[in-house]
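Residues take their numbers from the sequence shown, with the count starting at 1.
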Amino acid sequence: MQGSAPRRSEASPIRCSGSAITRPSRSDRLDRGFHVLVRLPRSYGEGDRDYPMVFLLDGGILFPMLSPYQLMMEVEGSAGEVVVVGISCGGLGFANGNLRATDSTAPSPEVEYFSGAAAYQEFLADEWLPRLRREFRIDPDRALLFGQSLGGQFAIHAALNRPELFSTWVAINPAIHANLPYFQALDAEPAETPTELVLAMGSEDPSRYRDAAAAWLAARRADPDPGMALQVIERAGAHHATSAPAAYFGIVRRIAPALSEPN
């Protein structure tokens with residue numbers, strides 16, 4: 001992410017109790033609610049320095065999985081401290097108000113409720129990222145978005161359309177099988193520096209997901225886009241829904257390198 005971040009505002013802050021908070025919030029743009037989860041580093045109250053941020057899509061699942069994992073990495077010194085943010089619709093499935101299959105996706109001729117990714121990325125750009133930067137000390141040049149499955153589809157979509165929002169984009173086992181032609185035709189928007197996109201693929205990911213991602217990757221390698229710095233991480237033995245911790249361990253240290261001494 002380029003440029004300087006606005007400083008925090010004392011108006012209507014997200015109130016933090018201890019090192020982590022959960023708060024319902026509402027989007028004016030999307031006209032519905034979300035749950036936002038934030039875990040602050042242990043040293044957050046000791047100074048005024050800015051911290052890297054990890055932004056987790058599907059936060060209702062990935063935040064409780066990866067936030068304590070991040071804490072243990074910090075404790076043992078295998079990674080530096082970060083602000084962990086998760087965003088969630090607060091339930092599983094459409095019946096519980098979870099519209100991730102709309103929010104995370106580009107248009108598809110196969111699935112009528114796909115196509116909300118463009119609106120969702122503008123919601124992040126116009127509403128939530130500015131608010132997070134006002135209320136927390138976040139370094140905009142060390143901000144990583146982490147998406148898995150349909151969240152991985154969103155990571156690819158937004159990385160190519162709004163590359164300035166995060167410094168690094170991570171797509172874990174991206175589910176682009178229902179709209180592969182859309183992604184085949186999608187080029188990266190111009191940016192000051194090539195967009196850093198990490199594609200992590202598990203060897204045991206079902207073929208409908210893995211084959212589509214591999215086809216997209218092959219096309220990118222055949223005709224490289226100078227606006228994108230693409231890296232692929234292969235995870236032997238990793239499955240579709242359980243690849244996140246192993247992928248997280250290696251990738252988060254791009255923005256929060258290991259400490260020289262354990263805490």
Side-chain angles (χ1 to χ4, degrees), residues 54-59 61-62 65-66 86-88 98-111 113-118 120-121 124 144-163 165-189 194-225 227-252 254:
V54 175
F55 193 95
L56 304 172
L57 300 177
D58 295 320
I61 293 174
L62 290 183
M65 177 191 299
L66 297 178
I87 188 164
S88 171
N98 193 323
L99 299 181
R100 66 185 292 271
T102 296
D103 292 336
S104 297
T105 54
S108 166
E110 300 178 21
V111 188
Y113 50 81
F114 276 19
S115 78
Y120 194 73
Q121 72 190 18
L124 294 182
L144 182 154
L145 180 137
F146 193 95
Q148 177 174 281
S149 189
L150 289 179
Q153 177 178 152
F154 178 84
I156 295 173
H157 183 279
L160 297 180
N161 283 286
R162 294 297 305 267
L165 297 182
F166 292 88
S167 60
T168 304
W169 303 81
V170 183
I172 308 297
N173 296 326
I176 57 174
H177 56 294
N179 45 15
L180 178 59
Y182 177 94
F183 286 94
Q184 298 280 38
L186 187 61
D187 293 323
E189 288 293 317
T195 302
E196 184 174 2
L197 174 61
V198 181
L199 182 65
M201 301 172 63
S203 64
E204 305 307 307
D205 198 20
S207 60
R208 68 183 183 278
Y209 304 130
R210 185 174 173 85
D211 291 352
W216 179 80
L217 179 60
R220 291 286 166 174
R221 286 172 166 168
D223 184 18
D225 188 333
M228 180 170 58
L230 177 62
Q231 180 184 355
V232 180
I233 300 174
E234 294 279 356
R235 294 291 179 186
H239 293 256
H240 184 73
T242 55
S243 297
Y248 184 93
F249 181 84
I251 293 168
V252 75
R254 292 167 178 261

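- Screening Ile156, Leu186, Asp187 for a side chain to side chain contact (heavy atoms under 4.5 Å, CB included) involving Asn161 leaves a single residue, Leu186.
- In terms of heavy atoms, Gln184 sits closest to Ala215 at NE2-O, 3.8 Å.
- Put simply, CE on Met228 and CG on Leu160 are 5.5 Å apart, with the number rounded to the nearest 0.5 Å.
- Contact check for Asn179 versus Val111: no side-chain heavy atoms found under the 4.5 Å cut-off.
- Contact of the Ile87 side chain with the Phe55 side chain is registered, since non-hydrogen atoms from C-beta on lie closer than 4.5 Å.
- Of all the heavy atoms in Leu144 and Val252, the pair that sits closest is CD1-CA, 4.5 Å.
- Checked against salt bridge (Lys or Arg N to Asp or Glu O under 4.0 Å), Asp205 has no partners two or more places apart in sequence or in another chain.
- In terms of heavy atoms, Ala159 sits closest to Thr195 at O-CG2, 3.5 Å.
- The list of salt bridge (charged side-chain N to carboxylate O under 4.0 Å, His left out) pairs with a residue in residues 207-221, not counting sequence neighbours, reads Arg210-Glu234, Arg220-Asp225.
- A side-chain donor-acceptor contact under 3.5 Å links Asn173 to the backbone of His239.
- No donor-acceptor contact under 3.5 angstrom links the side chains of Gln153 and Thr105, judged on distance only.
- No side-chain heavy atom of Val54 sits less than 4.5 Å from a side-chain heavy atom of Leu66.
- For the atom pair CG (Leu150) and CG (Asp103), the distance works out to 10.5 Å, reported to the nearest 0.5 Å.
- Counting all heavy atoms, side chain and backbone alike, Gln148 lies closest to Ser243 at OE1-N, 4.2 Å.
- Ring geometry for Tyr120 against Phe154 counts as perpendicular: the plane angle is over 60°, on a 0 to 90° scale with 30° as the lower cut.
- For the atom pair Ser88 OG and Leu62 CG, the distance stands at 9.5 Å (nearest 0.5 Å).
- Shown here for Ala106 and Ala117, the closest heavy-atom pair between the two residues is N-CB, 4.1 Å.
- A heavy-atom distance below 4.5 Å is found between the side chains of Met65 and Pro245.
- Ala213 approaches Met201 most closely through the heavy-atom pair CB-CE, 4.1 Å.
- Using modelled atom types, no side-chain atom of Ser149 and backbone atom of Ala175 make a donor-acceptor pair closer than 3.5 Å.
- By the 4.5 Å heavy-atom criterion applied to side chains, Gln121 and Leu124 are not counted as neighbours.
- Taking CD1 of Ile176 as the reference point, atom OG of Ser108 lies at 11.5 Å (rounded to 0.5 Å).
- Between Leu57 and Leu145 there is a side-chain heavy-atom pair separated by less than 4.5 Å.
- Side-chain contact between Val198 and Arg254 is present, with heavy atoms from C-beta onward closer than 4.5 Å.
- Classified by interplanar angle (parallel below 30°, tilted 30° to 60°, perpendicular above 60°), the ring pair Phe166/Trp169 is perpendicular.
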